[in-house]
Structures are given as structure tokens and as C-alpha cells.
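Comments concern the structure below.
Residue numbers start from 1 in every chain, and the chains themselves are labelled A, B, ... in the order their sequence lines are given, proteins ahead of strands.
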2 protein chains.
Amino acid sequence: MSESTEPPYARIAAELSRRIAERELTAGDKVPSTRQVAREFGVALATAAKALDVLRSEGLVITRPRSGTVVAPRRPGGAAGGPAAELTRERVLAEAVAIADAEGLEAVSMRAVAARCGVAPMSLYRHVEGKDDLVMAMSDAVYGTLVLDLDEAAPWRERITAIARALWRVHREHPWLGRVHPLTRPLPLPSLLEVGDRLLGALEDVGLAPKLQFDAHVLLYSHIVGLAANFEREDEAISDTGLSAEEWTDLQYVPAMNGSGVMARYPHFAKLFGHFGALPEGYDMDLEELFELGLGLLLDGLAALAERGRARGC
Amino acid sequence: MSESTEPPYARIAAELSRRIAERELTAGDKVPSTRQVAREFGVALATAAKALDVLRSEGLVITRPRSGTVVAPRRPGGAAGGPAAELTRERVLAEAVAIADAEGLEAVSMRAVAARCGVAPMSLYRHVEGKDDLVMAMSDAVYGTLVLDLDEAAPWRERITAIARALWRVHREHPWLGRVHPLTRPLPLPSLLEVGDRLLGALEDVGLAPKLQFDAHVLLYSHIVGLAANFEREDEAISDTGLSAEEWTDLQYVPAMNGSGVMARYPHFAKLFGHFGALPEGYDMDLEELFELGLGLLLDGLAALAERGRARGC
DNA sequence: GACAAGCGAGTACAACGTATCCGGGAGGAA
DNA sequence: TTCCTCCCGGATACGTTGTACTCGCTTGTC
């Protein structure tokens, strides 16, 4: 229709970028393929390809090998936006982690993940071997977010504490991790192995026998993961009952304990609850505090052990 | 056949009690119902009912409302009787636990349990609210098998160790327990509460602040349960791969670690493996040993804590 | 006899993980 | 330009899970 002096490929590129600008095509949508463009505009394939090249160089579209060309996201922070971004292993993992964080690990079904990716359930299997693989990869991805800015010269206790806290933090942010963890078979998760390695490095300086070094690193893991497992329980129970831990303790647990001779059957519980009842807010199970306490006890114990070993050794 | 002066109901009662005495009917068996008796002896329903009344008043049989009349236990210890026993909550739980022990918790499906009971799946729901209830009840039943012969006069450390070991033993025998455990919400499992109460009792003597007493009891639980969670992983992995933990470590893990620059990426792992390689049998993760080590560390720490508290307090 | 009540069984459904097959677009070869 | 070969994503389907509903059947009691 319009006759202009600009070359055909530029005209086509302009037309396509108009469609994008006017939102006929929005971020994530597939842009016509080379062949479609050629047919639609009645030009040669080479011309069509050149037009798409222009768009690509302008950053308006992104060509993903073997998958077609799609409209690029309008701005970097598209948020949960691009519902139709290309399916990649990373995206699958990210969506799965998002579901797990929000609704717990048992809400992570292949179908749910697929739905969040805007994709058929079976499409996931192109990027993930199966559910087990998915969960493992999720764990690895999450452990991979762990950042350790560690002063390698600091005393061992400080370094171990830092590593333990970092691990603890990851578990706090992803409560479902507690349910996944292995241990006896140190999962070949690269990210986790790396943290473990740093931990072993710090333990080297304690002055324990090699076997004890390894034992200690397992115990520290166990402490973290064991306590962190409560996060999941916690969340699960909150969403089940709609009560926070404290509310639950106050409203359900304490009355139940007070009722019908329970106190009589569990005298020491009763005694302690007597104490807590006298406190302003009762006892609230502060996992944070428990973690620090347990960590302190373990490290104290290790230090003493090393000390004893040294005394006997010399 | 026999003509006697005694009334029909007495004759019937005598015949039935003979059957019981001669073990044609033994404890727990169903005694003929009113209707069956009426048909068998050719008497009226009322007569049959009266005969059964006699047996009931003699304590030979027990009538359970809406469930039939059964022979009373000869003596208190009737023990786990026949495979075709009547469906009771206890039997359901026992079979479920048997499955879990043998094949892991994930093998415990309602259908599997029902099959083992020789019963339709839905029949279980008469005795169990649902799967969750089943699992909770299984845990409770298993914790209930825990025996504590505890010298209440022994020093606290000894008592705590004994309780911890008892709990550990239960988890060792029922590896699936590790996957169930709550904690923040102390499950209202009576059996578990009882153990917890004993533990708190022992902790009272340590000399800690009340809150610390409770914290300590949670930490001890966490240590036990956290480590014990590996039992399940262990079993699961063994049945998956057909390798024991040691074999797995030797055959899979170590070679994997040796391969392709892994050692370079995890230098401290590498270093330790160098040590273990030199040992006769390498490193084998002995959970038993880890448990004792961790328990010792925690108790040492608590003792020190109490000591410090006392020093500051006075 | 009639009665209500509880038990066990049967049927059915939704949701799950996943094996299998298929259409179609993209890129390379002819 | 025309095919050929990939491989992605989709559709369909199977077997298994937990469980809601709904039946008879049998019980002890009027």
C-alpha cells in the first residue's frame, strides 16, 4: 500500500515494531517467523530475515535457538510478568521454588509448576528428569543463592558461626528445604558441597582428629537442618489452622494441657507451664534463639574436645 | 435331644459355656449372635437373648454395643492373636506400622494397609479419620512401645542419656518416624508427651533457668530426630540402589569425588578423603557414634551453662 | 416381628506422576 | 528453493493415590 523510498526490510521492520509498540504483540509473544513474514509481506526469505535482524539488533525481539523469536520484555523488571517467557530449566526451577516458598513443598506438583509456567505438564519433562530431579535441582538452586563473604583469616569459631548462620538463613527463607535434606549420603549438590567444603575448612583449624572433623561437620548440619525442619511444620500448621505458633500455643495447646487431668499426668510440663504462665507472654518457641543456643553448645563442646585432645596428645 | 428339667435358656447357656471351656471358642472370638443361637437351638429370640444374658452375667462373654458379643479374655494378656482377627484400630495401626517398618512410610497407602488387614480400603475409615490421623496414631503407638526403666535417683546426666538413648532406639527400629516428627507444636501424642515429661524431669536437676530447661529439651529432641531422619534416607537409598551406605560411599561417592576435577573444587573434602583413604576401611558414617558424640557435646554444654549460671547467680 | 445403629464393601472421583505419541517450526543440507 | 532432521511443547492416557457417598447386612433392643 504505502510506497516509500526505504528498503523493503526496513518497512517490514517498522511495521512489526509498530505492532509491538501498540501491543498487538506483547512481551513473550511469538513474533512471526522468517517464513511467515516472507509470506505475509510477499518478500524473499532473506529480506524477511534481514527485517527480523533489525528488530533483534534493536532489542525489541529475542531469538531463541530452536524455539522461535519472541518479543522482548518491555523493561528488565517485568516482575512475575512475562507469563510466556521461554521455558528453560532455570525458569522451571524458579517457578517451582516460588510455589514451594509460598505454599509448601507438597503444593509443588508437576501440574502446578507447569501451570505457573503457562505450559503443558509434560513439557516440563524436557528440562527436568522427573519430580525427584526437580526437587533436587530446586535444593541445589536454593543453596546456590547462599552467599558467604567470609574472612578466611578469622578465627575458626567465627567462621563456623558465619557459615552455620548462612545455612540457617537459607532454610528460614525456604522452609521446605528441611524436608528434602539427605545427610548420610552427602547429596551431590554442587552448591551444598561447596558450603560443606568451606565448613570443613574452618573445622580444620579447631584441632580435631580427621574423623572428628568430618563428624563435627555432619553434626552441625544435622543441628541446622533438624531445627530448620520446624520451619516447614510451622508454615504448614499455620496455613492449616490459620493460627501462628504463639496463638496456637496460647489458644489450643495450653487449654488442652490444662484440661482434664493432663497436667496431672505430665507433672514437669505442668510445672514449667506454671512458670511460663507467670511470664508476660508465656513461652514462645523462638527457633532463632534455639539455633544460636544449640550452635553455641556444639562449638563449646568441640573446643573442649580439641583442648582435651591436645592435652592428651602432648 | 437331651431332655432336662432346667429351662431352655439354661441348657443353651451351659452348652455355650462348654464350648468356651473346651476352647472351641477362645478369647476374642465372636460368640453366636442372638439370632444365630435362636436358629441353631430352635428357640425364640427372647430365649436366646436370655441365655446370652446368663453368660454375660458370668463374665464369660463381653457384649460390645453394636459390634457383637465376644468371648471374654481368659486372662488379661490375650496377646496379638490370629491373622483374621476383627478389625480394630489397634490392628490397623499394627499392620500399618509393619508396612512402614518393612517398606518405608511411603509404602503405607490406605489400600496397602487395607489389603494387609484383608479388608476393603474404605473400611479403614471406620477406625481412622484419614491418612494423617493414621500416621499420627502410628507414631503414638510406636512411641508407646518405648520402655524406660529409669532410676529416678540417678544423676541427671545418666537419666537424660538413658531417655535419649531410648528415643534413639525407637527411631532406629522405626526409621520412618524421622519423617513424621513435629516439634514446634509438641504433638499431642500422649506417649511422646510422657517421654518429654520424663526428660524435663531430669533436666530440672541440671540447674538451668526454666526457659532454658524447655529449650534444652527441644534441642535434645531435635538432635535425636534430626540425626534419626537419616535412618529413613538410609533405608530408602539402600532399597533404591541395593547398596549399603558403606558400599555406596566406596563405590559411588568416592569415585565421583575423584573424578574430573571435583577434588580441585572441594579441597577440604579432598584432603579429608586423602586421610580416610589411608585408613583401612575409609570413613564410614556411623550414626550411632554421631549420636553419642552429639549427645555428649550437648550435655557438656548444658553442664557448663548451668555452672556459669550458678557462678553468676551466687 | 420392627427398629435404629453401626460396620464393612462397592463405586466413583479428583489429583497426582509420567509413558507415549504427534504436529509443527527452525535450522542446515541439497 | 526444497527437503530433511531435529527438538520443543502439547495432547492423551494409564496407573496409583486419598477419600466422599451410598449401599446392604448384622447387631442388640423394643
Looking at A:S123, does any N or O in its side chain come under 4.0 Å of the phosphate oxygens OP1/OP2 on D:dG10? yes
With B for base contact, S for sugar-phosphate-only contact and - for none (protein heavy atoms under 4.0 Å), nucleotides 16-23 of chain C reads BBBBB---
Would you check, one step at a time, whether the test side chain to side chain contact (heavy atoms under 4.5 Å, CB included) holds for B:I99 with B:L105? CA-CA 8 Å; B:I99 294 178; B:L105 191 56; over 6 Å; no
Could you tell me which non-hydrogen atom of B:L93 sits nearest to which non-hydrogen atom of B:A141, and how far apart they are? CD1-CB, 4.4 Å
Side-chain donor-acceptor pair under 3.5 Å between B:Y143 and B:H174, yes or no? no
Does A:H127 have a side-chain nitrogen or oxygen under 4.0 Å from the phosphate oxygens OP1 or OP2 of D:dC8? no
Flag, side chain of B:D140 to backbone of B:S191, donor-acceptor distance under 3.5 Å: yes
Quick one: does B:R91's side chain have a donor or acceptor within less than 3.5 Å of a partner on B:C117's backbone? yes
